[in-house]
2 protein chains.
Amino acid sequence: MTVRVLSKGEATRERILDIAQDAVLAKGFAGTSLDEIIAEAGITKSGFFYHFRDKNDLAKAMLQRYLDREEVLFSGLFKQADELSEDPLHSFLIFLKLFADLMSDMPNGHPGCIVASYVYQDHLFSQDVRALNAEGLIVWRNRFRDRLDRIAERYPPRADLDIDALADMASAVADGGIILSKCLRDPSLLPRQILQYRAYVKLVFSPA
Amino acid sequence: MTVRVLSKGEATRERILDIAQDAVLAKGFAGTSLDEIIAEAGITKSGFFYHFRDKNDLAKAMLQRYLDREEVLFSGLFKQADELSEDPLHSFLIFLKLFADLMSDMPNGHPGCIVASYVYQDHLFSQDVRALNAEGLIVWRNRFRDRLDRIAERYPPRADLDIDALADMASAVADGGIILSKCLRDPSLLPRQILQYRAYVKLVFSPA
DNA sequence: ATGAGTACTGTACCGCGGGTGCGGTTCTCA
DNA sequence: TGAGAACCGCACCCGCGGTACAGTACTCAT
C-alpha cells in the first residue's frame, strides 16, 4: 500500500468533499448550502471558491471521487474472490458474499449512492455531470456483464436469460437496497438484498 | 367507474401537485422553486399559500397522493391477475407480467418514484413526511409478503429462503430499475428488471 | 533569505428564493 | 343576493449562490 501524502490544499479539498457528500446525501444538492459546508470545514466562502469554480464543479468532483473509490473497492473485492476460486461462478458468488459482508459491517448503514442521488436531481447539473453519472452505471454493467459472460460459457443458462438485465440487476438491487435501508432505517436490508441477487445468480446457472 | 367532479379549488390544487411532482423528480425538492410552480400553474404566490401552508405541506400532499394512486394501481393489477388464475404463484407471476407491461407502455419511461426521491433528501422534510415515506415501503412489503406466504404454502421453498427480503426485493428492483432507466435514458431497463425479479420468483418456488 | 507561488481571508455587493402578513377582489353556488 | 371559496397585489424579511477583488500568511525551491 502506498500512502499519498496530501498537501494542505488537497487535504482541505478532501475535507470539503467529505462534508458536502454527507450533506448532499441527506438533503439533496440544492438543499445543501455553501454556507453550511464552509462553516463545518472552518473556511470562508473565498476559500471554497479557491478550490471549486462553482457549485456544479463541486458536484462533479464529488461524483468523480465517488466513482474512483468504487472502482478501487470493487477491483479489490473481485481480486480477493478470484484468489479464492478459479471457477467464474464460484468466484462471482464469493464476490457477492464479500460485498454483502462489507455492507453488513457498516454500523450506520450505507450512507447512500451519489449516482442514485444525482439521478433524482439531474436537471440541476451540467451535461458533463449527467454523462459522468451515466458512465458510472455503464462501468458497473460492463464489469458484471464480463463476469456473467464467462460464467455462461461454463454453465450454459436457459436460452431466454437476459444477461444484460442480469448484469444491470446488480446495480438495481444495490441502489434499491440502499433506498430500503435508508428509508426504513434498517442497515440489514441492503446486504440481504445483495444476498437475494446472489441466490438468483446461483439458481439461474444451476443445471435444471 | 365513478368520475369525481373536481371543484375549481381541487382542480387548481391537483394542477399544482402535477407541476410540482414533475419538477421535484427532475430537480429535487429544494431545487424546485415556488416561483416556477406558480408561473407554470398560472397563479400567484398568494394563491399557492391558499392551498398549502408551506413547502413541506406541499411535499406531504405530493407523497400522499402518490401513495394513494399506487395503492389503486396495484390493487387493480392484483385483482386482474387473481381473475386470471386461482393459483397464488401463477397469479403473482401474471401480476408481475402485467406490471412489467405497464412500465413498458410508458413511452417516456417511468417519471420517477417520489419515495426514492424523498429518501435522498429526507432531512428537508418534517418527521411526519419521513414516517409517511417509510409507511409507503412497509405497505409494499406487506402486500408482497402476503402473496409470497400464500405461494410458499403451496410450493414449499428451500428452508434458507429469506421471504421478507424477497418481498422487499420487489420494491428494491422497481426503485433500482427506475434509477437505471432514468440515468441511462432507456425506458426498457425498468420492465426488464421487473421480469428478472419474476424469473427469480419462478425459479425459487420451482421444485428442485 | 527571498521571492514566487499556494492557500487562503475580508469585505462589499447582487439577484433570486422561501416565507409572512394582510387587505382587497372576483367567482361560485345555494 | 349574499356568504364563503378562491384567489390577487404588494410590501417586506432573510438566506443563499455567486462575483469581484484586494490583501495576507504560509511554503518551499533556488
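Chain identifiers are assigned alphabetically (A, B, ...) following the order of the sequence lines, protein sequences preceding nucleic acid strands; residue numbering begins at 1 within each chain. Source: prediction; values computed, not measured.
Following rounding to the nearest Å, B:Ile38 (CD1) and C:dG18 (C1') show an atom-to-atom distance of 11 Å. The nearest whole Å value for the distance from the CZ atom in A:Arg13 to the C1' atom in C:dC8 is 15 Å. Going from atom CG of A:Leu34 over to atom P of D:dT19 covers 11 Å, rounded to whole Å. In this entry the distance linking CZ of B:Phe49 with C1' of C:dG17 reads 10 Å, nearest Å. Between the CG atom of B:Leu124 and the P atom of D:dC16 there is a distance of 13 Å, rounded to whole Å. Per the geometry, CG belonging to A:Asp57 stands 11 Å off P belonging to D:dG18, to the nearest Å. Taking atom CZ on A:Phe52 and atom P on D:dG17, their separation rounds to 14 Å, with Å as the unit.
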Audit row: A:Ser85, A:Asp87, side-chain hydrogen bond (donor to acceptor under 3.5 Å, both in side chains) steps and yes/no: CA-CA 5 Å; A:Ser85 175; A:Asp87 181 84; 5.2 Å; no
Test log, rule side-chain hydrogen bond (donor to acceptor under 3.5 Å, both in side chains), inputs B:Gln121 and B:Ser117: CA-CA 7 Å; B:Gln121 331 184 36; B:Ser117 169; 3.2 Å; yes
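Looking at which nucleotide of DNA chain D each of A:Asp35 and B:Phe48 is closest to, the 5′-most match is held by B:Phe48. Comparing B:Ile43 and A:Asp54 against DNA chain D, the residue whose closest nucleotide sits nearer the 5' end is B:Ile43.
Considering only the side chain of A:Thr12, C:dC8 comes nearest among C:dG18, C:dC8, D:dG9. The B:Tyr50 side chain lies nearest to D:dA6 when the options are C:dC8, D:dG9, D:dA6.
A donor and an acceptor atom sit less than 3.5 Å apart, one in the side chain of B:Lys45 and one in the base of C:dG19. For C:dG10, the base has a donor-acceptor partner in the side chain of A:Ser46 [N/O atoms by modelled type, under 3.5 angstrom].
OP1 and OP2 of D:dA6 both lie 4.0 Å or more from every side-chain N or O belonging to B:His51.
With no hydrogens or angles considered, a side-chain donor-acceptor pair links B:Tyr200 and A:Gln196 at under 3.5 Å.
Within 6.0 Å of atom CD in B:Glu86, 12 or fewer heavy atoms from other residues, nucleotides or ligands are found, so the atom counts as exposed in its surroundings.
Using a 4.0 Å cut-off between charged nitrogen and carboxylate oxygen, B:Arg150 and B:Asp146 do not count as a salt-bridge pair.
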